[in-house]
There are 2 protein chains.
Amino acid sequence: MPYDPSAFPPFAVTVDLVVLTVRSHALCALVVRRGEPPYQGRWALPGGFVRADEDLAAAAARELKEETGLRPHGPEGKDTGAHLEQLATYGDPYRDPRMRVVSVAHLVLSPDLPPPIAGGDARSARWSPAESLLGPGEGLSRDGDQPVQLAFDHAQILLDGVERARAKIEYSSLATAFCPPEFTVGELRRVYEAVWGVALDPRNFHRKVTGTPGFLVPTGGTTTRQGGRPAQLFRAGGATLLNPPMLRPEV
Amino acid sequence: MPYDPSAFPPFAVTVDLVVLTVRSHALCALVVRRGEPPYQGRWALPGGFVRADEDLAAAAARELKEETGLRPHGPEGKDTGAHLEQLATYGDPYRDPRMRVVSVAHLVLSPDLPPPIAGGDARSARWSPAESLLGPGEGLSRDGDQPVQLAFDHAQILLDGVERARAKIEYSSLATAFCPPEFTVGELRRVYEAVWGVALDPRNFHRKVTGTPGFLVPTGGTTTRQGGRPAQLFRAGGATLLNPPMLRPEV
DNA sequence: CTGTTTATCGTCAAGGAGACGACTATGATC
DNA sequence: GATCATAGTCGTCTCCTTGACGATAAACAG
């Protein structure tokens, strides 16, 4: 097949972001309201076109900053920012009614942020519980949560992102990406409980995380911000892989 | 940001394939020799442009069939074909010197095939040990294997594919995708040994795989094709997830 | 018939995980 | 200030899985 510039069809390439955090004991995703058709007025994942000279990860980082002000740190970063990784790519020919768009979805795990920033282009943005965005089957929507229908194939993308997060905190130290720089064992446990939607035994969890070398390093301080007895503060250790993994309860 | 068709730069979108198999106790990847510049004469991963009305997975399946004659079965298929899944997407602005190309890499796991089929476009193709393609650091190339420099960023893509395969056979039944429809426990063990590059205890491995419900179902037959005492034949059971996982020995 | 190869079963000790009792140190409430 | 509720932390016990490895079984090669 000789090279012929006219031999390939043109595509638009976008990045979409699944930005997850844990707020008030629930896994939440960042969604923005669409200001123009198609799907005008519907909630969607934040995202945008990749620029001509921009790497995919750079485009994702740029969109993230525009939407939340967060700066990501890569696989080995040390900033106060969020964890960012590529999730998957969605390219159904008709996923966007306007044109052929291939979207490279990225997953962002962030500590709880006070309020989502209204996007640079003035779209409204908010955190929504993943449960209510994923609809029935993925945990029942609670009374009062109207089921939200995300635009495009964003419900599928979000589901894949949530699944990735659920799987990854099992065998990596990624759950700490949901925590502030210093956190307690109990706060970390509540992250696991929120992401998995289960209750974990505080004593066994404590034994597990403090007994895994390199997972947590004590900072020396304590806090009572969760009430009760003061708890030791930790920072994430250097270990990125948990071996043996944190086991997710059956059911 | 109102919709403006001129607001986004055009991209070419391709699929690249990391086709892995196990041949004579080694993990091998399918590579094709490039017939035109850039990287003319160099080995590369098979792949090609996504067509205008074609889904990404469909494009990967089409390329796979063109290169190998294999028909993939999806996440839940039952054919005699290979396992196919999306791997990751590579979009560095300068990864292809000709133009802006975003490549959606796919991972294919296949049973051993007699000889690779010369591609539809007459490029030569062959199986190469992953070890010799990944160069030093990823297991030393054996004497006589000249180090192969893959075209574009295909070495990185291959590395990511091999890593995915190594990780996934740990907690899924995917290793059976490397086996013929009926196989013995010993054959399955040799798959793990080749992919991980380690030696496993045959007795413990046997206990593990036969003791995991839904992983293997006996067909009733036996074979002596590996020599020695006749071994029971099995087919892959319905279970896709191994819980608890197959543990990869420490280094 | 004997050695070699591969398959399969069994045993034992070490370690991790689930269940859960007990104790500790705070703030809130009476 | 005593009491209570809330979290955090340490221990214990049992069950199960794993890793190491002995032993037996059933084929084939000489």
Side-chain angles (χ1 to χ4, degrees), chain A residues 24-25 169-171 179-180 182-194 196 198-235 239 241-251, chain B residues 24-25 169-171 179 182-194 196 198-234 239 241-251:
Chain A
S24 59
H25 227 277
I169 64 173
E170 212 167 345
Y171 59 89
C179 293
E182 298 198 349
F183 52 89
T184 70
V185 172
E187 288 164 348
L188 183 62
R189 176 170 48 81
R190 276 172 219 107
V191 165
Y192 276 91
E193 292 179 333
W196 284 346
V198 299
L200 300 176
D201 185 285
R203 296 157 292 189
N204 292 336
F205 184 87
H206 188 276
R207 178 182 59 191
K208 173 72 178 173
V209 295
T210 58
T212 300
F215 189 13
L216 300 182
V217 295
T219 66
T222 61
T223 183
T224 62
R225 61 185 175 223
Q226 300 289 341
R229 169 176 164 180
Q232 269 189 89
L233 284 170
F234 294 88
R235 272 182 294 108
L241 253 38
L242 293 189
N243 205 333
M246 179 84 58
L247 293 182
R248 184 166 10 174
E250 316 287 322
V251 183
Chain B
S24 58
H25 227 278
I169 64 174
E170 211 167 345
Y171 59 89
C179 295
E182 297 199 349
F183 53 88
T184 70
V185 172
E187 289 164 347
L188 183 63
R189 175 169 49 81
R190 277 172 219 107
V191 165
Y192 277 92
E193 293 179 332
W196 285 345
V198 299
L200 300 176
D201 185 284
R203 297 156 291 189
N204 292 336
F205 184 87
H206 189 276
R207 177 182 60 191
K208 173 72 177 173
V209 296
T210 59
T212 299
F215 189 13
L216 300 181
V217 295
T219 67
T222 61
T223 182
T224 61
R225 62 186 173 221
Q226 299 290 341
R229 169 176 164 181
Q232 270 189 91
L233 285 169
F234 295 87
L241 254 37
L242 293 190
N243 205 334
M246 179 84 59
L247 293 183
R248 182 166 11 173
E250 316 287 323
V251 180

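In what follows, chains are A, B, ... by sequence order, proteins preceding strands, each numbered from 1.
- The distance between atom CG of B:N243 and atom C1' of D:dC16, rounded to the nearest whole Å, is 13 Å.
- Judged as a salt bridge (Lys or Arg N to Asp or Glu O under 4.0 Å), and not counting sequence neighbours, the contacts of B:R248 are B:E170.
- A close approach under 4.0 Å does not occur between any side-chain nitrogen or oxygen of B:K208 and OP1 or OP2 of D:dT17.
- Without hydrogens or angle criteria, B:T184 side chain to B:E187 main chain gives a donor-acceptor distance under 3.5 Å.
- Remark: P of C:dA17 and CG of A:L200 are 13 Å apart, rounded to the nearest angstrom.
- Not counting sequence neighbours, the partners of A:R235 by the side-chain contact (heavy atoms from CB on, under 4.5 Å) test are A:E182, A:V217, A:T219.
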Test log, rule ring-ring contact (aromatic ring centres under 6.0 Å, His included), inputs A:F205 and A:Y192:
CA-CA 10 Å; A:F205 184 87; A:Y192 276 91; 5.5 Å; yes

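- Side-chain atoms of B:Q232 do not come within 3.5 Å of backbone N or O of B:P218 as any donor-acceptor pair.
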With sugar-phosphate taken as primed atoms, P, OP1 and OP2 and all else as base, the protein-contact string of nucleotides 6-14 of chain D at under 4.0 Å (heavy atoms; B, S, -) is BBBBBBB--

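- The one candidate from A:V191, A:T223, A:L216, A:L233 that meets the side chain to side chain contact (heavy atoms under 4.5 Å, CB included) condition with A:F183 is A:L216.
- Residue A:M246 contributes atom CE, which lies 14 Å from atom C1' of C:dG18 at whole-angstrom precision.
- For the pair B:F205 CZ and C:dG10 P, the computed distance is 19 Å after rounding to whole Å.
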